[in-house]
Amino acid sequence: MTKTLIKTWSSTVASSGKTLVSLQRMSKRYGDHLVLPQIDLRVSEGEVLAIIGPSGSGKSTLLRCLNYIEQPSSGVITVADTQIEVGKDDNKRRVRELRRNLGMVFQSFNLFPHMSVLRNITLPQVRVLGRSEKEAEDVARRLLERVGLADKASQYPSRCSGGQQQRIAIARALALGPKVMLFDEPTSALDPELGLEVLGVMRELADSGMTMIVVTHEMSFAKNVSDHVVVMADGAIIEEGPSREVIPNPQTERARRFLRAVNER
Amino acid sequence: MTKTLIKTWSSTVASSGKTLVSLQRMSKRYGDHLVLPQIDLRVSEGEVLAIIGPSGSGKSTLLRCLNYIEQPSSGVITVADTQIEVGKDDNKRRVRELRRNLGMVFQSFNLFPHMSVLRNITLPQVRVLGRSEKEAEDVARRLLERVGLADKASQYPSRCSGGQQQRIAIARALALGPKVMLFDEPTSALDPELGLEVLGVMRELADSGMTMIVVTHEMSFAKNVSDHVVVMADGAIIEEGPSREVIPNPQTERARRFLRAVNER
Amino acid sequence: MTWEYFWLILSGVPLTIAVTLAALALGMVLGFPIMLARTAPFAPLRILTIVFIALVRSVPPVVWIFLIFFGVGADLVQMDPFTAAIMTFGLISAVNMAEIYRGGFIAVPVGQHEAATALNMSRWHHFRDVTLPQMFIFSLPAIATYAVGLLKDSAIASTVGLKELTFQGRYVTEMTYRGLEVLGLVGAAYILMSLPIAWLSRNLGETLKRRLAR
Amino acid sequence: TPSPDVKTLKPGVLTVAAQTYRPFSIVESDGSVTGVDGEILKQIAKLECLSIETISVDAAAALNYVQTGRADVTVGDWYRTKARSEVLFMSDPLYVDQMGIVSKEGATKLADLEGKTVGTVQTNLWVADLKKLYGAKLKTYPVLVQVQQDLKNGRIDAFVESYSIAMLAEKAGELGGFKAAVAGPDERVVSSKFPGQGSFPMNKDNESLLKAFNKRIAELHSNGFIKKALVQFGLSESAGNTGDPRWIE
Amino acid sequence: MIKLWMGTDWATINSWLPQLWDGLVVNLQLTAITLALGVPLGLIWAVTVRSRVRGLRYLTLFLVEVGRGAPALVLLQFFYAGLPQSGLVLSSMTSAIIGLAWSTGAYTSEIIRGGLEAVPAGQGEASQALNLSDWDTFRYVILPQGFWVALPALLGFAVLVFQGTSLCFAIALPEIMAQATDIGATTFRNFAAYALTGGIFAAICIPASLLVGWIEHKVAARSRR
Ligand SMILES: Nc1ncnc2c1ncn2[C@@H]1O[C@H](COP(=O)(O)OP(=O)(O)OP(=O)(O)O)[C@@H](O)[C@H]1O
Ligand SMILES: Nc1ncnc2c1ncn2[C@@H]1O[C@H](COP(=O)(O)OP(=O)(O)OP(=O)(O)O)[C@@H](O)[C@H]1O
Ligand SMILES: [Mg+2]
Ligand SMILES: [Mg+2]
């Protein structure tokens with residue numbers, strides 16, 4: 001049990017620089033509208049990647065295609081040992097294999113409102129990993145403690161603040177032991193102090209060595225916590241590099257305009 | 001006509017230090033829940049006041065009680081020449097007199113979706129001030145130009161971006177020639193670049209001498225544009241003073257904690 | 001109107017309630033597969049179901065009860081008025097339930113489905129653990145409202161000889177030639193029976209909204 | 001002694017779909033059937049050694065019961081007509097029933113009612129003919145109670161009903177100041193020329209039952225049982241003289 | 001089923017059609033009048049049920065709950081057969097119109113109330129902040145938006161009203177069910193007559209409800225605009 005838990009929390013502590021996620025020429029179109037013309041991306045084990053960029057630039061679409069919540073239009077997606085060529089071998093079984101290594105956290109939390117907090121975390125474990133109720137509950141309680149919400153186990157989500165709900169959502173995703181965590185603007189529905197709680201948990205997670213891809217508007221998080229940053233505009237990556245270099249000193253005009261807007265607020 | 005417009009835009013350029021808004025011992029309770037125990041506040045002509053504070057501290061409630069969108073529970077409200085004692089002389093006529101001097105802008109814009117942008121701005125003028133359609137339209141077009149949206153007049157709000165909608169909402173409120181403008185987190189539903197457009201318009205409005213009360217989480221706006229700041233927590237004002245002093249250097253522990261959270265994001 | 005007639009009229013109440021409840025239960029069960037067929041990805045099945053739902057809803061209940069009682073009842077299985085009434089109103093409420101369920105299904109936020117997908121839940125578990133319970137909760141107020149309608153429609157069963165409230169009311173009218181009192185009593189009985197359900201639906205709606213509020 | 005090889009739906013049981021149509025058919029609250037038709041039926045059942053089971057229904061439903069083989073027979077002053085005989089067997093006549101008029105002035109001619117609002121019960125035979133005669137002024141009702149109430153309320157000026165029924169109602173004081181009279185013959189209304197012959201409608205698949213009924217009806221005519229039943233429910237003995245069976249077109 | 005159709009050929013059915021058509025016209029007229037009176041009534045009740053005047057609120061609530069709680073059949077008979085006992089004699093048509101309009105008003109008031117309540121609170125707040133009067137707020141802001149929300153349900157209910165007019169046979173109105181019953185009584189073929197009537201209802205209501213579905217779709221698309 002304890003072994004399981006340690007695995008769920010920090011399976012990748014020993015960061016090795018090995019590539020864990022890669023997108024090759026991935027594209028996505030909605031009807032006539034080509035939202036992502038062609039994306040190449042690479043994330044190493046233990047790395048924290050921040051994706052920033054103006055609204056509508058395709059950040060969410062990128063994340064959602066990566067774990068097949070949205071069907072990509074073409075390209076090759078690799079996560080850990082699973083490689084999928086879009087349209088070729090993306091059958092149900094392979095997609096589920098891909099998702100097994102990916103946890104996802106949404107802007108709007110998306111907890112299941114009709115289940116207690118504890119059940120939110122145990123149910124997927126029981127259903128997806130086939131864990132026993134007992135084992136799943138132990139994992140859930142341990143994780144709730146880590147995110148500082150041990151006392152909320154028996155509450156319903158609607159009785160929790162937004163920041164608490166988001167931390168529960170993180171625990172729920174972690175409980176399945178993903179190798180990579182995806183975050184889509186996890187704090188933008190929260191007000192500052194509540195957002196801070198969530199960012200605290202994320203920072204801890206990063207420190208523990210979790211590989212993370214984070215779409216965010218929080219510049220201080222991007223600057224201080226992420227290793228790399230990708231700036232997107234109009235469905236393309238217009239700039240990328242180490243966060244500490246790109247954010248204070250972007251090279252392209254578009255990225256500079258966006259970052260100025262963010263900082264001037 | 002031109003006279004009307006100038007009046008709507010900058011009736012208070014000659015800032016005089018005369019008190020324009022005052023709340024005395026204003027309180028608000030919902031059933032058993034005392035949300036605002038007792039608020040005293042004073043805003044001078046031409047002054048820009050920023051209200052900051054954590055979620056649920058009662059910032060919105062304060063603004064909404066001030067213009068009677070929410071019925072306050074007790075206190076005395078004064079705006080320009082209208083003084084209302086809550087529960088005594090707050091009949092419909094008096095409340096409408098109070099509101100005549102107050103314009104309000106909401107977080108969610110609240111434009112009327114079934115009317116064109118132009119109609120959104122002309123309708124209240126015609127119905128409330130009794131202006132002719134012609135006159136109202138001239139005012140509306142002039143204001144749309146000021147907020148940079150002259151070309152959107154015949155569009156429907158849903159065809160405009162959030163930032164554009166908020167600027168239209170500002171124009172709509174200004175068209176009625178208020179002496180004081182109230183803003184309730186006008187940019188927090190917008191992403192950075194769009195928010196910047198709105199903040200630009202607000203800054204211009206402040207420069208033109210408009211008296212403003214702004215609930216906001218935008219610290220650089222609060223620091224650079226507002227003259228005074230009020231920090232609220234749990235329904236009370238815990239700190240207030242000139243923005244340039246309070247924001248970088250709050251005196252109370254609670255204010256310090258909140259500002260740290262805001263800045264660390 | 002004597003006490004004897006008074007009690008005779010009221011003796012129809014249990015049958016009225018029984019038909020309503022049984023038809024509602026049947027409808028709630030049958031409505032489910034119909035809803036699935038209505039939302040099936042297989043177009044012919046879906047279109048067929050749409051037409052079927054439209055047909056059942058378009059023909060007034062009194063015609064249905066005759067078709068079932070004398071049509072199906074004569075050729076296939078013999079049935080008494082009670083069975084026929086339950087089958088008729090079961091059929092009618094089944095298609096209405098299907099539409100109510102579908103409304104509840106649509107009301108489940110997209111984010112819920114995305115979360116279930118991202119958590120790698122199988123389609124079945126996704127449906128059973130996430131969609132179904134929420135769909136049902138969203139449907140409950142509409143079901144309660146529908147139950148009130150069903151209660152009143154059950155009066156039509158009197159035409160095939162089911163001795164429920166309306167039947168007894170008409171019988172007493174014929175025996176006594178006094179329409180107003182009988183009508184008042186029958187109407188009041190229906191209203192009294194519907195009030196608790198109406199009250200329930202109002203409150204249920206509020207409670208559930210609060211419960212699911214995010 | 002029961003007729004040989006007479007068949008019923010349930011062996012030994014005569015299933016009757018019955019409506020209440022006083023005085024011909026009355027369903028008691030305990031479920032048993034009486035009235036003129038009811039008494040005759042009970043007598044026939046007794047002679048055939050059958051017990052009676054009553055299903056209490058609407059007039060329209062009663063016919064469907066018999067037609068679909070859910071009941072052996074129905075009761076309630078059903079006239080023998082050509083159209084009906086295509087769908088069901090109609091037994092030999094039990095009695096004749098004349099067309100009657102109820103009006104303020106005791107009108108005896110259908111023509112006198114032209115221009116007035118006239119009511120009648122839907123299931124009556126003459127509805128189609130009267131419609132031609134009175135057009136939109138004819139109002140049809142599901143049950144007699146409503147006709148009588150509307151007469152008193154002034155919604156209709158007169159109504160057309162079986163004379164026996166109308167006469168009984170007048171005697172019972174249910175017509176207020178209105179009078180019942182026999183409707184004189186009128187070229188345009190078949191029923192006014194030929195009094196209706198009341199009979200038992202039966203399922204077309206069961207000829208044995210028809211035969212048995214016709215045999216017993218003949219017996220009950222000759223031994224005076226039918227006339228006694230008529231008198232018992234306030235009708236005149238002469239109604240028992242039916243003449244030969246005939247069909248109204 | 002075969003048995004019940006027995007001998008009912010096309011010629012027979014054809015001969016029934018004029019009579020059924022006469023009845024249908026009554027149903028259609030009644031539907032139009034009922035809606036023309038009932039929907040405005042529903043709108044008024046939707047407003048008065050939220051009135052601050054307690055008496056008005058309770059009166060509306062009573063009228064709405066009775067209108068929805070009593071079977072339409074009982075309402076019809078109340079006006080037709082019940083009121084005369086108190087000296088007020090209404091014609092079949094008038095009783096039908098009043099009874100059905102009451103029931104329509106009761107149901108549509110709930111539909112319209114739902115539509116009005118679906119208008120986001122922010123719309124009313126913005127109107128207040130702009131100092132629009134209560135009446136202007138209702139007329140220019142709440143009603144136009146609430147109307148679109150309520151429209152599909154109102155149209156769907158109109159189809160139900162049409163079906164409901166078939167109950168008026170019980171108060172001696174010569175509508176289509178009454179005609180079918182007449183036919184059944186004269187020919188003993190009431191199963192066929194009712195089935196044909198059902199077919200006529202289906203032929204009208206199916207296209208109508210498909211149309212309503214299409215409008216619903218359009219309205220939903222409009223609100224996403
Ligand atoms: N289901 C869809 N159908 C059609 N177009 C879509 C769909 N989802 C997204 N888009 C379009 O794809 C583009 C990228 O959207 P996406 O949500 O990925 O942007 P984003 O960068 O996440 O923006 P934000 O910061 O606002 O979340 C947008 O132009 C959007 O309109
Ligand atoms: N209609 C209401 N009924 C009951 N309580 C309410 C109502 N509206 C607000 N409150 C309570 O009043 C308190 C203050 O709310 P308010 O919206 O003014 O806070 P705020 O400072 O504007 O927060 P935020 O930054 O999230 O907008 C909160 O505790 C809230 O729960
Ligand atoms: Mg996004
Ligand atoms: Mg607020």
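In what follows, chains are A, B, ... by sequence order, proteins preceding strands, each numbered from 1. Please read all numbers here as calculations on a predicted model, not as lab measurements.
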Out of A:Arg127, A:Arg119, A:Met115, A:Arg99, which one racks up the most heavy-atom pairs below 4.5 Å with chain C? A:Arg127

Using 0.5 Å steps for rounding, measure from the NE2 atom of A:His114 to the CG atom of C:Asp129. 7.0 Å

Give a yes or no answer on whether the side chain of C:Glu114 reaches the backbone of A:Glu70 with a donor-acceptor pair at less than 3.5 Å. no

Among residues 119-127 of chain C, residues within the sub-4.5 Å heavy-atom range of chain A, in order of number, are C:Leu119, C:Asn120, C:Met121, C:Ser122, C:Arg123, C:His125

If we ignore hydrogens and angles and just use 3.5 Å, is the side chain of A:Asn110 paired with the main-chain N or O of C:Ala115 as donor and acceptor? no

Check side-chain hydrogen bond (donor to acceptor under 3.5 Å, both in side chains) between A:Gln155 and all other residues, then give those that pass, not counting sequence neighbours. none

Honestly, the part of A:Phe112 sitting under 4.5 Å from a heavy atom of chain C is both

Quick check: under 4.5 Å, non-hydrogen atoms only, which of residues 58-67 of chain A neighbour chain C? A:Arg64, A:Asn67

Return yes when atom CG of A:Asp81 has more than 12 non-hydrogen atoms of other residues, nucleotides or ligands closer than 6.0 Å, and no otherwise. no

A:Leu102 portion near chain C, given a 4.5 angstrom heavy-atom threshold: backbone

Does the side chain of C:His113 come within less than 4.5 Å of A:Ile69's, by heavy atoms? no

Might you confirm whether atom CD of A:Gln83 has over 12 heavy atoms from other residues, nucleotides or ligands at distances under 6.0 Å? yes

Can I get a per-line list of side-chain donor-acceptor pairs under 3.5 Å for residues 137-149 of chain C, giving both atom names and the distance, sequence neighbours left out?
| unit_1 | atom_1 | unit_2 | atom_2 | d |
| --- | --- | --- | --- | --- |
| C:Ser139 | OG | C:Met135 | O | 2.8 |
| C:Thr145 | OG1 | C:Pro141 | O | 2.9 |
| C:Tyr146 | OH | C:Asn96 | ND2 | 3.1 |

